[in-house]
Amino acid sequence: MKILGIETSCDETAAAVVTDSPKGGPAIVSNVIYSQVKAHAPFGGVVPEIASREHVNRIVGVVEQAVEEGGGFDELDGIAVTSGPGLVGCLLVGVQMAKGLAIARGLPWLGINHLEGHLCASLLADEPPEYPHLALVVSGGHTHLYHVPEFGVYHLIGRTLDDAAGEAFDKVAKVLGLGYPGGIHVDRLAQTGDGKAFALPRGLPDKKVFDFSFSGLKTKSIEMIRNSEQPMQGQRLADFCASLQEAIADVLTKKAILAAKKLGVGGIVLAGGVAANSRLRSLLEERTRNHGLWSFSPPRPLCTDNGAMIAAAGWSRFQLGQKTAWDTKVRSRWPLDDLS
Ligand code: KG4
Ligand code: ZN
């Protein structure tokens, strides 16, 4: 079965084709991403109107390339597209493209939840993670813990009460003058920094609470940068980035492990753009091992938004015989534990 996946929920215009892997899961045949980062960089964040227009301009070329490299339209068996959560004007571009193609080619289509897409990046691995497990989804808009007993079933265990982890990275990076999106710049600079150099707060440290809070860390970080007597540059900047990254990775991994132990699952699956963070990946690996748990982090290019993860989610749902009705709406909010 060959499935086309389309992703336009935010600022990446992406499409990919997956097919059956010899091991029985989905495998990538093509994966094309057009990043709009340059268009939004002057504004320090995603401008929804610009994002929609960029998707309209790019979607045909991106889909054509993915399908061509994926073996052509004739080989496709279905089309999967992100239908929420995300920016409505952006989602509409991908969904209309998917529906138009589905009508023209007589193919079934599936609206995919973007967060389920992030989690399905793990299905593209040679050795996909086992069920049941705990999933930690960390992106620019989400920081959520789910108990996942089987594919497609997600029970919310904890979530951020204010900022998402990616938002904390991006907002502090902006004040540091590092450009947008800032997470990757913080990660790069942190490589030569000392994560213990700055004492930054950990939100909601109570071990019984699985919710997160990053607004205190964000506010304290910005205050320290603004009140700093020496300029934040050179080694000081590297130390600050390492400390920020450490604070975020520390809280995320601690709570995920506590939740996994409480639920009695064997391991933790990391997903979402922030899953590309080097310290979060290594700390999760180290701490899960110390607690007798396994951890799974998708390859870094599959952590940030892409079409392959949506195609993988679609592949799995088409295998179950599912398809979406023509009149299904796009959804700006769509909790993963409400997939009906
Ligand atoms: O999943 P994603 O591509 O888009 C959303 O669905 O939000 O996640 C984007 C987020 C941004 O906040 C970005 O700064 C963050 O992922 N990010 C990182 C890294 N790479 C991307 N954060 C920390 N370290 C990274 N290496
Ligand atoms: Zn995303």
Side-chain angles (χ1 to χ4, degrees), residues 5-14 16 31 33-37 40-41 44-46 48 51 55 81-87 90-91 94 112-122 135-144 160 163-176 178-191 193 195 214 217-218 221 241-253 270-284 297-310 312-313 331-334 336:
I6 299 174
E7 156 61 38
T8 63
S9 67
C10 191
D11 59 345
E12 323 280 351
T13 315
N31 190 20
I33 304 174
Y34 169 75
S35 171
Q36 304 179 0
V37 161
H40 300 288
V46 177
H55 285 308
V81 60
T82 308
S83 57
L87 299 166
C90 295
L91 292 165
I112 298 292
N113 181 297
H114 182 76
L115 302 177
E116 176 167 79
H118 273 301
L119 286 171
C120 287
S122 67
L136 171 58
V137 185
V138 259
S139 70
H142 295 84
T143 304
H144 287 49
T160 181
D163 293 337
E167 225 173 323
F169 269 117
D170 295 344
K171 287 185 175 159
V172 176
K174 193 172 177 179
V175 178
L176 287 167
L178 300 182
Y180 183 87
I184 194 163
H185 301 297
V186 172
D187 194 349
R188 182 176 40 84
L189 288 161
Q191 299 302 317
F214 291 104
L217 170 65
K218 180 190 69 182
S221 301
C241 288
S243 303
L244 174 66
Q245 188 167 282
E246 191 67 29
I248 293 174
D250 180 33
V251 173
L252 288 173
T253 53
L270 190 60
V274 179
N277 185 265
S278 57
R279 184 59 181 150
L280 176 57
R281 296 166 77 92
S282 64
L283 198 58
L284 184 67
S297 303
R300 293 175 88 172
L302 293 180
C303 290
T304 43
D305 293 349
N306 63 83
M309 67 188 200
I310 303 302
R331 297 169 73 167
S332 62
R333 290 173 171 273
W334 187 6
L336 197 43

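The analysis underlying the following values was restricted to heavy atoms, covering all of them including side chains, and did not include hydrogens, waters or symmetry mates. Read the numbers this way: they start at 1 and go in the same order the structure lists the ligands and their atoms.
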Counting C-beta onward and ignoring hydrogens, is there a side-chain heavy-atom pair between T8 and T82 closer than 4.5 Å? no
So if I count the atoms of ligand 1 from 1 in the order they appear, which ones are less than 4.0 Å from some heavy atom of G183? 14 (O), 18 (C), 19 (C), 22 (N), 23 (C), 24 (N), 25 (C)
Report the atom name of the nearest N/O/S atom of D305 relative to the Zn ion (ligand 2). OD1
With a cut-off of 4.0 Å, which atoms of ligand 1 are near a heavy atom of G166? 12 (O)
Pair H55, T13: side-chain N/O donor-acceptor within cut-off below 3.5 Å: yes
Subset of ligand 1 atoms that lie under 4.0 Å from at least one heavy atom of G141: 7 (O)
Tell me the protein heavy atom at minimum distance from atom 21 (C) of ligand 1, and give that distance in Å. G273 O, 3.4 Å
Of all the N, O or S atoms in H118, which one sits nearest to the Zn ion (ligand 2)? NE2
Side-chain heavy atoms of D305 within contact of C10, under 4.5 Å: yes
Any non-hydrogen side-chain atom of E116 less than 4.5 Å from a side-chain atom of L336? yes
Quick one: does E7's side chain have a donor or acceptor within less than 3.5 Å of a partner on S9's backbone? yes
Output the list of atoms in ligand 1 that are nearer than 4.0 Å to some heavy atom of H118, sorted by atom number. 1 (O), 6 (O)
Under a 3.5 Å threshold, yes or no: a donor from one side chain and an acceptor from the other, between Q245 and N277? yes
Would you mind running through ligand 1 and noting each atom that sits below 4.0 Å from a heavy atom of D187? 24 (N), 25 (C), 26 (N)
Any donor and acceptor pair, going by atom type alone, linking the side chain of D187 with main-chain N or O of S278 inside 3.5 Å? yes
Closest to atom 7 (O) of ligand 1 among protein heavy atoms sits G140 N, 2.9 Å
Considering only heavy atoms, which of L280, D170, T304, D305 lies nearest to atom 4 (O) of ligand 1? D305
Quick one: which ligand 1 atoms are inside 4.0 Å of a heavy atom on H114? 6 (O)
Find all atoms of ligand 1 within a distance of less than 4.0 Å from any non-hydrogen atom belonging to P181, and give their numbers and elements. 14 (O)
Determine whether L91 and H114 make a side-chain contact, defined as any pair of heavy atoms from C-beta on separated by less than 4.5 Å. no
Give the residue, atom name and distance (to 0.1 Å) of the protein heavy atom nearest atom 23 (C) of ligand 1. N277 ND2, 3.5 Å
Judged by non-hydrogen atoms, does R188 sit under 4.0 Å from ligand 1? no
So is C10 close enough to ligand 1, meaning a heavy atom under 4.0 angstrom away? no
Are there more than 12 heavy atoms of other residues, nucleotides or ligands under 6.0 Å from atom CD1 of I184? no
Under 2.8 Å: N/O/S of C10 next to the Zn ion (ligand 2): no
Mark yes or no for whether N306, through its side chain, and T304, through its backbone, hold a donor-acceptor pair below 3.5 Å. yes
